[in-house]
Amino acid sequence: MGTTSVAVVADLGESFGNYTIGDDDALLGLVTASNIACGFHAGDPRVMDRTVADCISRGIELGAHPGYPDLVGFGRRLIEATEEEIRTDVLYQLGALDAFARVHGGTITHVAPHGRMGSIAQTDAKHARAITDAVAAYNPDYVVICQRGLLAEEARKRDLEVGYVFLADRGYGDDGMPVARSHPGGLIHDPALIGERSAQVVRDRTVRSVDGNVVPLGHDADVLLLHGDHPTVLENGTALRAALDAAGIRVTGLRDVLTEKAKAALAR
């Protein structure tokens with residue numbers, strides 16, 4: 001059986017200049033934590049400032065969401081960068097978001113690499129090392145949010161805490177990992193199904209794959225992620241919270257989830 005509590009996070013602050021992406025204000029009523037764009041794949045200083053202030057005023061945990069310098073592609077294209085470039089790009093973005101957190105009297109809780117940078121870090125040692133080197137150098141108290149793979153392994157090598165994420169609105173394969181967005185079933189548009197799957201993952205650590213098989217996730221779901229640019233994200237979030245409530249799963253902050261998990265491990 002999985003954990004009995006979970007954090008709910010959404011990617012926020014992804015608007016840029018005159019362009020608005022997502023309904024952050026509505027999403028803030030559904031989440032306990034935030035992944036805030038740091039200006040590279042999305043976001044700008046004004047959006048970052050406003051998003052951080054709004055999260056702090058509502059008691060929502062702050063998370064940095066660093067990505068590739070790819071505004072045109074929204075950080076979802078592979079950038080051929082060196083390990084040093086990846087490390088310093090992540091470090092730059094952490095410092096930028098931390099500036100706004102400090103000004104508003106808050107602190108960053110976690111780091112969740114965005115898009116292509118985050119997904120490739122699960123299997124590419126260069127990315128995994130660069131990201132975790134930046135986090136460990138800047139603030140080793142930050143939790144690294146990721147799935148199983150090299151990023152989690154490199155984080156643990158550096159004594160960084162890991163929070164395992166389940167992508168609530170994405171389809172998974174028989175290997176217990178997300179399939180590509182372009183894959184049939186890669187994006188889920190049924191809010192009720194998103195809620196049902198999320199409760200199953202938290203409770204049983206299993207997910208029904210795009211091929212219809214029930215497969216193990218391979219880790220706890222410490223945090224459930226809603227993509228802020230999903231066209232039905234508000235409906236998805238509402239259904240997700242309702243399904244968790246119906247299953248008796250407590251929704252709280254990521255720090256609370258990890259503390260509860262550590263206490264349970266000690267008691268075993």
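The figures here come from the full heavy-atom set of this structure, side chains too, leaving out hydrogens, waters and symmetry mates. The structure displayed is predicted, hence computed values, not measured ones.
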Can you tell me how far [atom2] of [Y] sits from [atom1] of [X], rounded to the nearest 0.5 angstrom?
{"X": "Ile86", "Y": "Ile131", "atom1": "CD1", "atom2": "CD1", "value": "7.0 Å"}
{"X": "Leu150", "Y": "Thr132", "atom1": "CG", "atom2": "OG1", "value": "10.0 Å"}
{"X": "Cys38", "Y": "Asp44", "atom1": "SG", "atom2": "CG", "value": "12.0 Å"}
{"X": "Leu27", "Y": "Cys55", "atom1": "CG", "atom2": "SG", "value": "10.0 Å"}
{"X": "Leu187", "Y": "Arg170", "atom1": "CG", "atom2": "CZ", "value": "6.0 Å"}
{"X": "Asp49", "Y": "Leu97", "atom1": "CG", "atom2": "CG", "value": "10.5 Å"}

Residue pair [X] / [Y]: nearest heavy atoms and the distance that separates them:
{"X": "Pro66", "Y": "Val90", "result": "CG-CG1, 4.2 Å"}
{"X": "Ala101", "Y": "Ile108", "result": "CB-CG1, 4.3 Å"}
{"X": "Ser209", "Y": "Asp174", "result": "OG-OD1, 2.6 Å"}
{"X": "Asn236", "Y": "Pro191", "result": "OD1-CG, 3.5 Å"}
{"X": "Val162", "Y": "Ala155", "result": "CG2-CB, 3.8 Å"}

Judged by atom type as modelled, is there a donor-acceptor pair below 3.5 Å linking the side chain of [X] to the main-chain atoms of [Y]?
{"X": "Ser34", "Y": "Glu61", "value": "yes"}
{"X": "Thr82", "Y": "Glu85", "value": "yes"}
{"X": "Gln93", "Y": "Ala64", "value": "no"}
{"X": "Asp204", "Y": "Thr206", "value": "no"}
{"X": "Thr51", "Y": "Met48", "value": "no"}
{"X": "Asp54", "Y": "Leu28", "value": "no"}
{"X": "Gln200", "Y": "Arg197", "value": "no"}
{"X": "Asp175", "Y": "Met177", "value": "yes"}

Given Leu240, Ile60, Leu30, the one that forms side chain to side chain contact (heavy atoms under 4.5 Å, CB included) with Val8
Leu240

Mind checking what makes ring-ring contact (aromatic ring centres under 6.0 Å, His included) contact with His110, not counting sequence neighbours?
none

Members besides Phe16 in its Ile/Leu/Val/Met/Phe/Trp/Tyr cluster (side-chain heavy atoms under 4.5 Å)
Leu71

For residues Phe40 and His114, establish whether the separation of their ring centroids is below 6.0 Å.
no

Could you give all pairs that pass the salt bridge (charged side-chain N to carboxylate O under 4.0 Å, His left out) test and reach residues 237-258, with sequence neighbours left out?
Glu161-Arg255, Arg250-Glu260

If you look only at pairs with a residue in residues 7-35, which of them pass as a salt bridge (charged side-chain N to carboxylate O under 4.0 Å, His left out), with sequence neighbours excluded?
Asp25-Arg58

How would you list all residue pairs meeting side chain to side chain donor-acceptor pair (under 3.5 Å) that involve residues 137-155, not counting sequence neighbours?
Asp98-Tyr138, Gln122-Gln147, Glu154-Lys157, Glu154-Arg158

Please work out whether the ring planes of His219 and Tyr164 are parallel, tilted or perpendicular, with thresholds of 30° and 60°.
parallel

Under 4.5 Å between any side-chain heavy atoms of Tyr68 and Arg116, yes or no?
yes

Holding to salt bridge (Lys or Arg N to Asp or Glu O under 4.0 Å), I want the full list of residues that pass it with Asp70, two or more places apart in sequence or in another chain.
Arg77

